[in-house]
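Convention: sequence-line order gives letters A, B, ...; per-chain numbering from 1.
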2 protein chains.
Amino acid sequence: MDASRQENITRILDAAERLFRHYGYTKTNVADIARDLGMSPANIYRFFSSKTEIHQALCARMLEASYQQVYEISRLPLSATERLRRYVLAQHKMTVETMLDEQKVHEMVIVAIEREWHVIEKHIDRIDQLLAEIIRDGIEAGEFADQDPEIAARCFDSSVVTLCHPQMAAQCLAKENRPTPGELIDFALRALKK
Amino acid sequence: MDASRQENITRILDAAERLFRHYGYTKTNVADIARDLGMSPANIYRFFSSKTEIHQALCARMLEASYQQVYEISRLPLSATERLRRYVLAQHKMTVETMLDEQKVHEMVIVAIEREWHVIEKHIDRIDQLLAEIIRDGIEAGEFADQDPEIAARCFDSSVVTLCHPQMAAQCLAKENRPTPGELIDFALRALKK
DNA sequence: TGAATGACGTTTTGCGAATTTTGTCAGTCA
DNA sequence: TGACTGACAAAATTCGCAAAACGTCATTCA
């Protein structure tokens with residue numbers, strides 16, 4: 001049956017997420033996850049072909065939540081400028097809070113960045129699509145100069161990478177000689193304007 | 001005597017640079033450097049208090065060369081826009097070529113980023129000062145909007161970080177969904193314009 | 001007298017053995 | 001018959017110790 005299969009997958013991911021958050025990604029092995037669910041390690045492999053695949057699925061699930069957040073911001077009844085500003089601030093807050101405060105989550109992210117390029121790339125693509133739509137709105141509303149929304153979205157994203165990329169954010173957080181989030185966002189927004 | 005002391009320091013750095021480039025930073029020990037110069041390991045410590053200090057000094061020397069390159073660009077008889085464009089392209093080229101092609105240099109850079117924050121921060125400050133001057137020129141010439149040149153320089157730098165930061169450049173190089181250097185530079189320059 | 005060194009204590013690294021973990025598969029049980 | 005497991009091979013990780021590298025200092029030598 002397919003629904004019960006999905007059920008199992010969700011249960012495994014829930015258990016994995018809880019254990020990874022509590023003990024860390026490397027300290028948790030699939031035997032731990034199996035024990036937590038009262039099943040044998042071998043059984044886990046009927047649903048995920050490797051521990052890495054569990055990590056990837058979990059990663060995708062978390063990124064999906066992040067995407068939802070951005071999606072909601074993108075639909076707010078606000079100017080394109082304001083929506084972009086809120087997007088970056090939300091991402092920055094998310095990055096700083098969950099990546100740096102929670103040591104265990106940070107480990108998962110680092111491993112993810114090192115290894116699971118595909119899930120992350122797909123996420124970036126989807127986010128950039130949303131950004132492109134907002135920018136398209138802005139162009140139509142006369143807020144922004146006429147330009148290719150896809151390229152503009154990529155450039156905008158790259159410009160604020162120091163605020164949203166976990167590694168960069170970690171490196172820049174304590175530095176004196178860096179622009180404030182507000183300054184950098186205003187700068188990037190100015191590039192879009194007429 | 002102070003001149004001969006300087007002489008020794010330079011010789012040690014020259015030897016260290018050659019050996020680091022050839023064998024890698026971690027594979028080279030201070031005994032290797034000493035042997036190469038026909039002196040005892042202990043003697044090295046009259047000039048540098050640790051292997052790390054040698055690495056830092058070497059780092060500073062290389063960054064100084066990079067600074068010189070930027071300095072020359074900043075004095076070229078070109079528009080501010082064009083000088084900034086050349087600055088980023090030069091940095092990008094440098095980063096890609098020396099950091100990624102030469103594996104051994106890459107190792108030194110990674111160790112440097114992980115440990116020797118101070119030298120690197122100082123370098124960024126100096127570069128940003130040059131950029132601020134160029135931007136000041138641009139404002140006076142009417143190319144750029146009126147703005148704080150210091151802040152603008154920091155923002156500009158942050159915006160193109162994916163092109164100049166060794167780790168970021170390495171991560172973004174192969175990606176499809178990233179702006180091209182040209183696109184990103186134009187984007188950042190647009191933020192400065194009137 | 002001060003540049004230079006050999007000898008030496010301390011810390012770090014490298015490496016093979018032992019243990020843990022991953023992932024497979026034949027076989028059990030409902 | 002197919003969800004599930006225990007037993008097991010292969011791969012990865014940890015551990016303990018020997019070797020190497022770091023950094024100090026009393027001593028030598030010019």
*Check step by step if side-chain hydrogen bond (donor to acceptor under 3.5 Å, both in side chains) holds for B:Tyr23 and B:Asn29.*
CA-CA 10 Å; B:Tyr23 301 105; B:Asn29 56 42; over 6 Å; no

*Check the distance between D:dC22's P and B:Phe48's CZ and give it to me in whole angstrom.*
15 Å

*If you find the nucleotide of DNA chain D closest to A:Asn43 and the one closest to A:Lys27, which residue's nucleotide is nearer the 5' end?*
A:Asn43

_Value in whole Å for how far the P atom of D:dT5 lies from CD1 of A:Ile44_ = 10 Å

*Whole-Å distance between D:dC22 C1' and B:Asp32 CG?*
13 Å

*Closest non-hydrogen atom pair, A:Ala112 against A:Cys59*: CB-SG, 3.8 Å

*Sequence neighbours left out, what passes ring pair (Phe, Tyr, Trp, His ring centres under 6.0 Å) with A:Tyr25? Give chain and number order.*
A:Phe20, A:His55

*Rounded distance in Å - CZ (A:Arg35) to P (D:dG6)*: 13 Å

*asked:* Using the side chain to side chain donor-acceptor pair (under 3.5 Å) criterion, which residues pair with A:Asp128? Sequence neighbours excluded.
replied: none

*When every nucleotide of nucleotides 22-30 of chain C is labelled 5' to 3' by its protein contacts under 4.0 Å (heavy atoms), B for base, S for sugar-phosphate only, - for none, what sequence of letters results?*
SBBB-----

*So A:Val160 and A:Gln91, side-chain contact (heavy atoms from CB on, under 4.5 Å) or not? Walk me through it.*
CA-CA 10 Å; A:Val160 296; A:Gln91 286 287 104; over 6 Å; no

*Quick one: list whatever passes side chain to side chain donor-acceptor pair (under 3.5 Å) with A:Arg35, sequence neighbours left out.*
A:Asp32

_Measure OH/B:Tyr23 against P/D:dA20 and give the value in whole Å, please._
18 Å

*In residues 10-19 of chain A, which residues come under 4.0 Å of DNA chain C by heavy atom?*
none

_Is there a continuous path of hydrophobic side-chain contacts, each under 4.5 Å between heavy atoms, that joins A:Leu184 to B:Ile124?_
no

*Results of side chain to side chain donor-acceptor pair (under 3.5 Å) for A:Glu107 - residues two or more places apart only*: A:Thr26

*Taking atom P of D:dC4 as reference, at what distance in whole Å does atom CZ of A:Arg46 sit?*
4 Å

